[in-house]
Amino acid sequence: MEVAQVLRMNGGAGKTSYANNSFVQKKAITLSKPIREEAITSLYRSTLPRSLAIADLGCSSGPNTFSVVSEFIKTVEKLCRKLNHKSPEYRLFLNDLPGNDFNSIFNSLDSFKEKLQTEVEGGIGPCYFSGVPGSFYGRVFPDQSLHFVHSSYSLQWLSKVPVGIENNRGNLYIGRTSPPNVARAYYHQFQRDFSSFLKCRAEELVEEGRMVLTILGRRNDSEDPASKEGGYLIWELMTMALSEMCVQGIIKEEQLDSLNIPQYTPSPSEVKLEVLKEGSFVINRVEVCQVNWNPLEDWKALEFECERSESLSESGYNLAQCMRSVAEPMLVSHFGGHIIEEVFSRFQEILADRMSKCKTEFSNITISMTRKA
């Protein structure tokens with residue numbers, strides 16, 4: 001699998017688009033808001049820049065990236081009023097892999113800026129947006145050109161499928177039946193990728209620049225990577241749906257055996273270890289929070305506008321749609337588009353059954369860092 005070619009969320013604004021199904025991701029952004037506000041406030045007070053360069057890495061498309069940008073600008077503008085400062089100009093860079101639906105973002109920019117101007121009393125400073133395609137596991141920006149880097153629900157994705165896991169047959173990911181070498185290979189690939197990410201961002205951030213990252217992870221180090229943690233369990237349930245289709249001859253066994261998902265959900269200590277080893281950043285905060293699998297739970301707290309159809313109330317439907325918006329391009333590339341409706345119909349039933357029997361949550365790790373002087 002060429003990850004850079006197939007790893008993209010469903011574009012557009014249709015029924016299965018990421019824009020209309022990224023509710024779990026929205027919850028993660030909402031829960032990490034205090035950490036970002038703390039980092040933004042500290043950055044502005046310590047540097048007082050006349051021009052702020054902000055990058056959202058793995059921005060995808062839809063409302064989530066705009067909510068983070070809006071939050072950033074509102075926080076800075078509030079500080080400017082309090083300190084009696086002139087608003088800075090904002091240089092906003094939205095990054096994702098080349099296959100991302102950047103057009104949807106660009107088409108929404110004018111309405112977003114108009115809305116933001118009306119929401120901030122006294123207006124805001126000039127905003128300049130740029131789309132920046134490319135992998136964040138390499139250099140994306142010039143030396144010391146950024147003040148703030150944000151990324152949410154992107155760094156669990158690896159740059160490539162780990163090598164040497166051909167024996168992981170019957171699993172899409174690290175499963176209970178995976179040989180011991182599989183979990184090691186995934187972890188080592190995460191180490192290499194996250195270390196590269198940190199090194200590149202250290203070169204791109206100004207001294208005392210800030211970075212806040214939210215990663216789909218595990219609660220603690222004692223959790224087995226093939227445990228019932230949400231990030232692992234979700235792929236095991238997807239494997240069940242595909243295995244049923246394999247038994248019935250809808251897909252070939254060798255197709256299932258040859259697909260491995262390029263994702264690793266680390267523990268807090270695994271994240272901190274790579275930051276300390278790379279050495280360019282001071283860790284300010286590390287927080288772990290849980291997000292329920294049902295993306296419509298605590299709806300009012302999300303402040304997320306959407307029409308609720310009868311189908312949205314069906315158990316398992318919401319998460320199945322969320323996962324489809326994320327995984328469909330990969331599955332189509334590997335199996336072909338003809339299986340998609342069938343696999344997600346089965347997946348929805350399996351999810352509903354699991355969610356009716358036990359509490360199901362994703363674990364998120366948010367880490368706030370400062371670039372060392």
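Basis for what follows: all heavy atoms, side chains included, without hydrogens, waters or symmetry-related copies.
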Kindly give the heavy-atom pair with the smallest separation between L94 and F129, and that separation in Å. CD1-CD2, 4.2 Å
Heavy atoms of other groups near K199 NZ, more than 12 under 6.0 Å: no
What class does the angle between the rings of F344 and F347 fall in, given that below 30° is parallel, 30 to 60° is tilted and above 60° is perpendicular? perpendicular
My understanding is that only residues two or more places apart in sequence, or in another chain, count here; which of them pass side-chain hydrogen bond (donor to acceptor under 3.5 Å, both in side chains) with H85? Y44
Any side-chain heavy-atom pair from L155 and Y137 closer than 4.5 angstrom? yes
Check: S363 main-chain N/O paired with R219 side-chain donor or acceptor under 3.5 Å: no
Do H334 and S258 have side-chain heavy atoms sitting under 4.5 Å apart? yes
Any heavy-atom pair between the side chains of I365 and R218 that's under 4.5 Å? no
Looking at S154, is its backbone amide N or carbonyl O close enough to the side chain of S151 to form a donor-acceptor pair, meaning the two atoms are under 3.5 Å apart? no
Residue pairs passing the salt bridge (charged side-chain N to carboxylate O under 4.0 Å, His left out) test where at least one lies in residues 181-190, sequence neighbours excluded: none
Among residues at least two apart in sequence or on other chains, which ones pass ring pair (Phe, Tyr, Trp, His ring centres under 6.0 Å) with F72? F148
Check which hydrophobic residues are tied to V68 through side-chain heavy-atom contacts below 4.5 Å, counting indirect links as well, and list them. I29
Between R346 and E244, is the closest basic N to carboxylate O distance under 4.0 Å? yes
Can you list everything that forms a salt bridge (charged side-chain N to carboxylate O under 4.0 Å, His left out) with E341? Sequence neighbours excluded, please. R324
Atom CD in E278, atom CG in L273: separation rounded to 0.5 Å? 12.0 Å
Using modelled atom types only, decide if a donor and an acceptor are shared between the side chain of S67 and the backbone of N64 within a distance under 3.5 Å. yes
Main-chain N/O of G170 paired with D257 side-chain donor or acceptor, under 3.5 Å: yes
Could you walk me through whether N107 and S104 pass the side-chain hydrogen bond (donor to acceptor under 3.5 Å, both in side chains) test, one step at a time? CA-CA 5 Å; N107 288 334; S104 290; 5.6 Å; no
Minimal non-hydrogen separation, L52 against P88, with atom names: CD1-CG, 4.2 Å
Filter on salt bridge (charged side-chain N to carboxylate O under 4.0 Å, His left out), then keep only pairs touching residues 80-93, sequence neighbours left out; what's left? E77-R81
State yes or no: are the ring centers of Y186 and Y173 separated by less than 6.0 Å? yes
Tightest non-hydrogen contact, residues V161 and N260, listed as CG2-O, 3.3 Å
Measure the shortest side-chain to side-chain distance between F281 and L205 over non-hydrogen atoms and say whether it is less than 4.5 angstrom. yes
Going from CD on E207 to OG on S46, what distance comes out if it is rounded to the nearest 0.5 angstrom? 12.0 Å
Donor-acceptor pair, S195 side chain versus R192 backbone, under 3.5 Å? no
Only distances under 3.5 Å count here; give the side-chain donor-acceptor pairs of residues 54-61 to other protein atoms, sequence neighbours excluded, each with its distance to 0.1 Å.
residue, atom, partner, partner atom, Å
D56, OD1, H150, ND1, 2.9
D56, OD2, T65, OG1, 2.6

What's the spacing between L43 CG and L48 CG if we round to 0.5 Å? 9.5 Å
Salt bridge (Lys or Arg N to Asp or Glu O under 4.0 Å) between K277 and E274, worked out: CA-CA 5 Å; K277 281 166 56 179; E274 295 310 312; 3.4 Å; yes
Once salt bridge (charged side-chain N to carboxylate O under 4.0 Å, His left out) is applied, what residue pairs with a partner in residues 135-147 remain, sequence neighbours excluded? R139-D143, R139-E203, R139-E204
Ignoring hydrogens and geometry, is there a side-chain-to-backbone donor-acceptor pair from S243 to T239 under 3.5 Å? yes
Holding to side-chain hydrogen bond (donor to acceptor under 3.5 Å, both in side chains), I want the full list of residues that pass it with N100, two or more places apart in sequence or in another chain. none
Note: E253-R169 ion pair, threshold 4.0 Å (strictly below): no
Is the ring centre of F136 less than 6.0 Å from the ring centre of F197? yes
For residues 63-75, the salt bridge (charged side-chain N to carboxylate O under 4.0 Å, His left out) pairs (sequence neighbours left out) are R36-E71, K74-E119
Between E328 (side chain only) and S325 (backbone N and O only), is there a donor and an acceptor less than 3.5 Å apart? no
Supply the atom-to-atom distance T366 OG1 to I35 CD1, rounded to the nearest 0.5 angstrom. 4.5 Å
How long is the span from the CZ atom in F194 to the CD1 atom in I215, to the nearest 0.5 Å? 4.5 Å
Side chains of V212 and I40: closer than 4.5 Å at any heavy-atom pair? no
Quick one: do the S42 and R210 side chains pair a donor with an acceptor below 3.5 Å? yes
Which distance, rounded to the nearest 0.5 Å, do you find between the NZ of K113 and the CZ of F66? 9.5 Å
Is there a path of hydrophobic side-chain contacts, each under 4.5 Å between heavy atoms, that joins V326 and V332? yes
What verdict does the side-chain hydrogen bond (donor to acceptor under 3.5 Å, both in side chains) test give for T214 and N364, after you've listed the backbone C-alpha separation in whole Å, the side-chain angles of each residue and the deciding distance to 0.1 Å? CA-CA 7 Å; T214 296; N364 302 319; over 6 Å; no
Main-chain N/O of G209 paired to H147 side chain as donor or acceptor, under 3.5 Å: no
Between G164 and N181, what is the shortest heavy-atom contact and its length? O-ND2, 3.0 Å
Non-hydrogen atoms of L256 and F335 that approach each other most closely: N-CE2, 4.1 Å
Is there a path of hydrophobic side-chain contacts, each under 4.5 Å between heavy atoms of I/L/V/M/F/W/Y residues, joining M211 to V76? no
Taking atom CD as the centre, does Q248 end up with more than 12 heavy-atom neighbours from other residues, nucleotides or ligands that are less than 6.0 angstrom away? yes
Using a 3.5 Å distance criterion without hydrogens, assess whether the side chain of S178 forms a donor-acceptor pair with backbone atoms of G175. yes
Side-chain touch F102/P133, heavy atoms, less than 4.5 angstrom: yes
Using the salt bridge (charged side-chain N to carboxylate O under 4.0 Å, His left out) criterion, which residues pair with E287? Sequence neighbours excluded. R285
Set of residues satisfying side chain to side chain contact (heavy atoms under 4.5 Å, CB included) with respect to T41, sequence neighbours excluded: R45, T75, L79
What heavy-atom pair brings C127 and L92 nearest, and what distance separates the two atoms? CB-CD1, 4.3 Å
Looking only at atom types and distance, does a side-chain atom of D353 sit under 3.5 Å from a main-chain N or O of E349, one as donor and one as acceptor? no
Please lay out, stage by stage, how E208 and R371 fare under the test salt bridge (Lys or Arg N to Asp or Glu O under 4.0 Å). CA-CA 5 Å; E208 297 189 40; R371 173 72 168 90; over 6 Å; no
